[in-house]
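Start at 1 with the first residue, then count along the sequence. A quick note: this is a predicted structure, and the numbers were derived from the prediction, not measured.
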Amino acid sequence: MREKFEQPKPEQRAEKSEPGSLAEKLKTTAIEAEHGEPSLSVDIFFSAHDTPKDFEKLADFLPRADIYIPEVIGWSSVDQAHYDAVSEGRKTPKEIIESLKITTPDMYPLHDTKLKEFEILHNSRKPITFIDIPLRHPLTQRFNTLDTAFLESLTGHFEDDLGSYKNFLQQIAQFQKEREEYILSQFKPQIADLLDSHPELKGKTDLHVLVALGSLHTPIWHSLKKSGQKTTAFFKSKPYVYSHENEAIRRNMFGKEVSDELVARAYLESEFFAQFTPARDEDTEELAILMRNIIDQFCTTDVKAVFDKVEKGYNFMDTFRAVCQEKNLKPEIKERFKKLFEQ
């Protein structure tokens with residue numbers, strides 16, 4: 001499931017300048033206890049963020065945190081104001097979301113998903129900062145063009161479109177690597193800014209920072225640990241199962257082979273999610289497991305057969321569901337898949 005967003009365009013907080021190489025960035029990432037400053041520990045909550053259900057476990061980690069860092073790609077000063085107003089109890093989550101429905105009708109995550117995060121955060125009094133790429137950063141602008149360029153490249157012919165999709169996955173992987181480098185570079189300076197603006201934090205012996213990230217971004221956890229920063233990762237579900245698309249992206253990020261069959265399965269899966277809207281109470285990670293159980297039954301020839309029928313004018317979802325019924329799926333998988341369309 002690809003991230004998409006549409007944001008208003010006010011001025012955002014200035015990003016912090018950091019050394020150019022990744023090695024130098026990692027050295028500056030660990031915030032070590034200095035004279036008069038608290039020691040720092042970081043908890044990273046890895047989870048999907050597509051439905052309200054995905055955010056539920058955030059409530060288990062927020063009370064312990066002194067600082068909260070959400071994942072907000074393309075953030076602006078408007079986002080900072082919204083998060084601060086909710087955290088400080090100056091506005092209710094519903095008030096913020098109602099205004100966003102007017103100013104940002106097509107936002108990602110969806111309004112009801114963001115509402116859940118705000119409900120957990122409401123009146124918690126947690127200082128909040130952002131370390132993701134801001135609205136006018138060149139990486140944000142590049143990200144905005146990737147999905148559009150891919151969709152415009154589609155011809156309706158399976159072999160050509162699969163090649164375009166494979167290239168798209170490689171481009172997304174490269175973007176995510178550069179984005180993660182940026183996130184690492186901003187970690188120390190933005191925390192330092194919060195300490196300056198919230199002197200009560202400097203009076204603490206130990207500071208706990210909670211970072212919410214999509215599970216694609218585990219390299220950030222590993223990089224922080226390697227830099228010497230005390231960091232713990234928590235996954236909403238274990239063992240964690242990635243979608244085919246995220247598996248392909250991560251393999252590209254790590255320089256591993258991405259088979260044509262994995263690309264074909266990811267392409268089929270991405271088309272399903274492009275046309276299917278999960279219910280509000282759907283757990284995205286459980287849905288990913290379900291779809292892996294189903295799509296793992298498809299070879300590249302099976303995927304081609306689905307898209308060949310679509311090229312002839314057949315409805316994608318009807319075709320996909322019909323083929324799924326022919327697969328040798330466990331009865332409980334078939335029943336679970338059937339119920340998706342009854343909600």
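With hydrogens and angles disregarded, a donor-acceptor distance shorter than 3.5 Å links the side chain of T113 to the backbone of D50. Between the T148 side chain and the T145 main chain, no donor and acceptor come within less than 3.5 Å of each other. Although no hydrogens or angles enter the test, the distance criterion places no donor-acceptor pair under 3.5 Å between the side chain of S223 and the main chain of I220. At least one donor-acceptor pair closer than 3.5 Å links the side chain of K334 to the backbone N or O of Q325. A distance-only check finds a donor-acceptor pair linking the side chain of H111 to the backbone of T104 [under 3.5 Å]. Listed for the S41 side chain is no donor-acceptor partner under 3.5 Å among the backbone atoms of K230. With hydrogens and angles ignored, the 3.5 Å screen pairs a side-chain donor or acceptor of T319 with a backbone N or O of N315. With hydrogens and angles ignored, the 3.5 Å screen pairs no side-chain donor or acceptor of T301 with any backbone N or O of C299.
Here the side chains of K91 and H82 are not in contact, with every heavy-atom distance at 4.5 Å or above. Looking at S153 and F168, their side chains never come closer than 4.5 Å, going by heavy atoms from C-beta outward. Between F337 and R321 the shortest side-chain heavy-atom distance falls below 4.5 Å. P70 has its side chain within reach of I128: a pair of non-hydrogen atoms, C-beta onward, lies under 4.5 Å apart. Between Y68 and I120, the closest side-chain pair of non-hydrogen atoms is not below 4.5 Å. A 4.5 Å side-chain heavy-atom check between Y182 and P134 finds at least one atom pair inside the cut-off.
F272 and F276 have parallel rings, their planes meeting at less than 30° on a 0 to 90° scale where 60° marks the start of perpendicular. Taking the six-membered ring for Trp and thresholds of 30 and 60 degrees, F235 and W221 have ring planes more than 60 degrees apart, a perpendicular arrangement. In this structure, Y83 and F118 have perpendicular ring planes: the angle between them is above 60°, well past the 30° mark.
Y314 and V306 fall into different hydrophobic clusters, where Ile, Leu, Val, Met, Phe, Trp and Tyr residues are linked whenever their side-chain heavy atoms come under 4.5 Å apart, directly or through other members. There is a path of hydrophobic side-chain contacts, each under 4.5 Å, that joins V323 to F341. Linking ILVMFWY residues whenever their side-chain heavy atoms come closer than 4.5 Å, directly or via other members, places I249 and F254 in the same cluster. When hydrophobic clusters are built by joining Ile, Leu, Val, Met, Phe, Trp and Tyr residues whose side-chain heavy atoms come closer than 4.5 Å, directly or via intermediates, L340 is not grouped with L110.
Checked for salt-bridge contact, E181 and K177 miss the test: no charged N lies under 4.0 Å from a carboxylate O. Look at E286 and K53 and you find no salt bridge, because none of the NZ, NE, NH1 or NH2 atoms lies under 4.0 Å from a carboxylate O. At a threshold of 4.0 Å, the pair E71-R179 counts as salt-bridged, since one of the basic side-chain nitrogens sits closer than that to a carboxylate oxygen. A salt bridge does not link D84 to R90: none of the charged side-chain nitrogens sits closer than 4.0 Å to a carboxylate oxygen.
For F234, the side chain to side chain contact (heavy atoms under 4.5 Å, CB included) test picks out D43, F61, T232, with sequence neighbours left out. Listed by chain and number, the residues in a side chain to side chain contact (heavy atoms under 4.5 Å, CB included) with S47 are F45, D54, K236, E285 (sequence neighbours excluded).
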Practice problem: Take E282 and K339 through the test salt bridge (charged side-chain N to carboxylate O under 4.0 Å, His left out) and record every step on the way to the result. | Solution: CA-CA 11 Å; E282 187 70 61; K339 286 184 178 180; over 6 Å; no
Self-check item: Chi angles and distances behind the salt bridge (charged side-chain N to carboxylate O under 4.0 Å, His left out) call for R265, E261
Solution: CA-CA 6 Å; R265 287 172 173 171; E261 185 169 75; 3.6 Å; yes
Quiz item: Given D281 and T51, is the side chain to side chain donor-acceptor pair (under 3.5 Å) satisfied, shown in steps?
Solution: CA-CA 7 Å; D281 61 350; T51 69; over 6 Å; no
Practice problem: Assess whether side chain to side chain donor-acceptor pair (under 3.5 Å) is satisfied between Q174 and Q170, documenting all intermediate values. | Solution: CA-CA 6 Å; Q174 181 59 35; Q170 292 168 347; over 6 Å; no
Quiz prompt | Stepwise side chain to side chain donor-acceptor pair (under 3.5 Å) check, Y240 with S215 | solution = CA-CA 9 Å; Y240 196 89; S215 54; 2.5 Å; yes
Exercise. Given side chain to side chain donor-acceptor pair (under 3.5 Å), test R125 with N123 step by step and report yes or no.
Key: CA-CA 5 Å; R125 308 288 176 175; N123 211 29; 3.3 Å; yes
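For F307 and F316, the gap between ring centers is short of 6.0 Å. Ring pair F320/F298: centre-to-centre distance below 6.0 Å.
Membership of the apolar cluster around V241 extends to I289, as traced through chained side-chain contacts below 4.5 Å between ILVMFWY residues.
The line from CE of M253 to CZ of F175 is 10.0 Å long, rounded to the nearest 0.5 Å. From K327, atom NZ reaches atom CG of N293 across 14.0 Å, with rounding to the nearest 0.5 Å. Going from atom CG of D106 over to atom NZ of K101 covers 13.5 Å, rounded to the nearest 0.5 Å. Taken to the nearest 0.5 Å, the NZ atom of K338 stands 15.0 Å off from the CD1 atom of I333. Here D302 contributes atom CG and L268 contributes atom CG; the two are 9.5 Å apart, rounded to the nearest 0.5 Å.
Among all heavy-atom pairs drawn from F158 and D308, the shortest one is CB-OD1, 4.1 Å.
For E271 and Q275, the side-chain atoms include at least one donor-acceptor pair closer than 3.5 Å. Judged by distance alone, the side chains of E180 and Q176 never bring a donor and an acceptor atom under 3.5 Å apart.
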